[in-house]
Amino acid sequence: MNLYTFALKEDCRQPLNILLIALLPMVLLLIPAHPQSFPFGLNLYGMVMLYSAFLLTRPVVEDRMKGIVVRIAASPISHLRYLSSHLSAYVTLMIIQILLFCLGILIVHRGNVHGYGHILLLYISFSIMAIAFALAWNTLFRAFNLSFGIFSGVGSVMCLISGVSLPPFLIPESITGYTMFLPTYWLPYGLDAIYHGEASGILISHVVLWAYAIIFLLVGSKRRL
Amino acid sequence: MTKRFDLRPQHVYRALILLQFALLFTYLVPVFDASGFMLYLFVVFSMTLRWRFPIAPHFMLIDCVVVAIAAAFFPTNTPFLALYLFYFSYKNKMIFCLFPILVSFILATGPGSYLIVLTIVPGYLLYLWQNENTLLRKEGDDLRQKIHHMEQTETHLLQDYHDAGRISQLTERQRIAEILHDNLGHELTAAHLTVKAIGTLLQSDQREKALQFQQKAEERLDTALTQLKTAVRQIEPDNDSDIRRITSLFENFVYPIQYSQEGDLSQVPPHLRQLMYISLKEALTNITKHARPTTITALIECTQSIVRLVLENDGILPAQSAPAGNGLRYMRKRIEAVHGSLSTSRDKTFKIIVILPIRA
């Protein structure tokens with residue numbers, strides 16, 4: 001069994017992860033469609049992705065807490081291989097979740113949604129950013145519980161003010177200048193661009209999400225023994 | 001044990017980089033445009049990359065050119081160049097600073113833009129601090145390495161000392177064996193053969209001849225006994241010469257020594273007498289090196305169980321407050337090897353006390 005399959009199995013062993021991946025996003029499909037935008041469940045799914053990514057990256061933090069990273073450092077497995085195998089396993093699970101959710105959109109909101117390919121790609125970009133963000137966030141803490149406790153607060157606020165868990169038109173304009181610096185802002189921005197068919201907006205949101213993903217990966221990939 | 005936080009230049013450097021990002025953030029929001037935001041992300045990426053990987057500073061020029069080009073099209077983004085100036089000055093690449101300075105002056109939209117150049121000052125100050133820190137750490141490392149080498153040398157020397165002791169012991173044994181073989185072997189073999197011949201003569205009733213042989217055997221045994229006594233005298237260490245060597249150390253010393261002796265020094269085993277000699281020699285050498293005494297007193301006390309040496313001098317030099325040197329350390333190791341002890345006291349006089357157990 002290679003590291004990739006090990007990381008996959010490790011994540012799938014936890015029932016909460018299965019629940020998050022398969023069932024929770026489906027609940028969001030029940031939110032009714034809005035006449036001037038995509039159904040709000042599509043935005044809210046960003047929040048689910050953020051928390052899913054956080055829970056999926058739990059084994060990496062636990063490996064550090066239990067000192068497994070030290071043992072890995074002494075083994076012939078490089079840190080790059082360890083991290084890339086784990087992250088690709090998490091991305092795989094996230095893509096499965098996204099595919100299931102997109103399939104759900106196709107079934108439930110067939111007439112209200114267009115540009116499925118763009119939505120799928122945007123979700124994938126966002127999920128990669130979310131995994132990288134979770135990785136970088138976890139490097140700041142030694143214990144997962146503390147990390148998750150603070151993240152649940154910060155993540156909620158981030159989603160709230162960036163238009164993920166609150167419709168964008170409800171956010172005061174005075175703070176939109178600041179919220180652009182939040183990586184979560186670029187999911188509703190991208191969805192809005194897809195809705196209005198603005199190719200430049202879609203491209204910008206992808207570029208920004210990838211830029212954030214790379215920055216967070218740079219921060220999070222630093223080995224902490 | 002809690003780890004003490006040690007403030008280092010790179011901590012301040014990172015804090016200042018974060019501060020500059022925060023200032024750029026507050027500056028950007030009111031004059032916000034997409035180019036500013038994208039450039040902000042680019043600069044964050046550029047700095048994070050340098051934090052994460054050790055990339056040569058001249059590669060930063062490429063990033064700086066990208067920012068300069070973006071600033072040429074959108075002059076409100078000129079303040080981003082401050083970060084590069086700060087980076088180059090921290091890395092002591094002053095020649096690279098010329099490019100962002102030049103661009104800042106060309107694209108300056110107001111007097112505030114000139115302030116960008118000032119970031120060189122904290123950057124260069126941090127470089128100086130970092131440089132000093134590195135030098136100090138290097139000195140510390142060199143010192144630790146030196147101590148490590150000295151400890152290794154000390155171990156080797158002690159090993160050599162023990163080896164030399166073992167070799168001399170084996171040589172002495174061989175010498176004893178040779179003396180016994182050369183001097184006694186011949187006479188005892190001859191006596192043995194004569195006694196056997198006496199037995200044969202007695203069996204064949206040649207009494208007179210047997211008596212002659214008995215006389216010869218007695219003569220040979222007498223000679224063997226005399227030779228044995230001579231050999232023992234040769235083998236035995238010369239107590240007098242050992243004691244003379246120790247007393248001559250005091251008599252021939254550059255400063256006069258008040259020497260007194262209690263007990264019989266000849267009772268002390270020869271190897272301990274040798275150790276006493278070496279220790280006293282080292283202690284007296286230390287006095288010539290590190291003291292200017294007017295009075296030196298030496299006392300050797302021998303009892304049934306211990307030998308006690310006390311050497312005291314009143315010539316402590318004020319600057320001599322350094323810890324024990326190698327000579328004293330080696331002396332202590334040698335003494336401890338025979339279960340003895342060495343102690344020193346430093347007051348108005350410097351006193352060194354050595355105790356050697358006669359029966360360990």
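We name chains A, B, ... by the order of the sequence lines, and we start the count at 1 in each one. Just the heavy atoms: all of them, side chains too, but no hydrogens, waters or symmetry mates, feed the values below.
Proximity to chain A is limited to the side chain of B:M38, based on heavy atoms less than 4.5 angstrom apart. Both the backbone and the side chain of A:I215 come within less than 4.5 Å of a heavy atom of chain B. Proximity to chain A (any heavy atom under 4.5 Å) is restricted, for B:F53, to the side chain, taken from C-beta onward.
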Could you walk me through whether A:L218 and B:W51 pass the side chain to side chain contact (heavy atoms under 4.5 Å, CB included) check?
-> CA-CA 9 Å; A:L218 282 174; B:W51 165 75; 5.7 Å; no
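With hydrogens and angles disregarded, no donor-acceptor distance shorter than 3.5 Å links the side chain of B:R52 to the backbone of A:L217.
To the nearest 0.5 Å, atoms CZ (B:F37) and OH (A:Y185) are separated by 9.0 Å.
At most 12 heavy atoms of other shown residues, nucleotides or ligands fall within 6.0 angstrom of atom NE2 in A:H118. Around CD of B:Q10, the count of heavy atoms belonging to other residues, nucleotides or ligands within 6.0 Å exceeds 12. Dense packing is recorded around CG of B:L135, with more than 12 heavy atoms of other residues, nucleotides or ligands lying under 6.0 Å away.
B:T48 places none of its side-chain heavy atoms less than 4.5 Å from the side chain of A:F216.
Between A:F181 and B:F25, the two ring planes are perpendicular [angle over 60°; tilted spans 30° to 60°].
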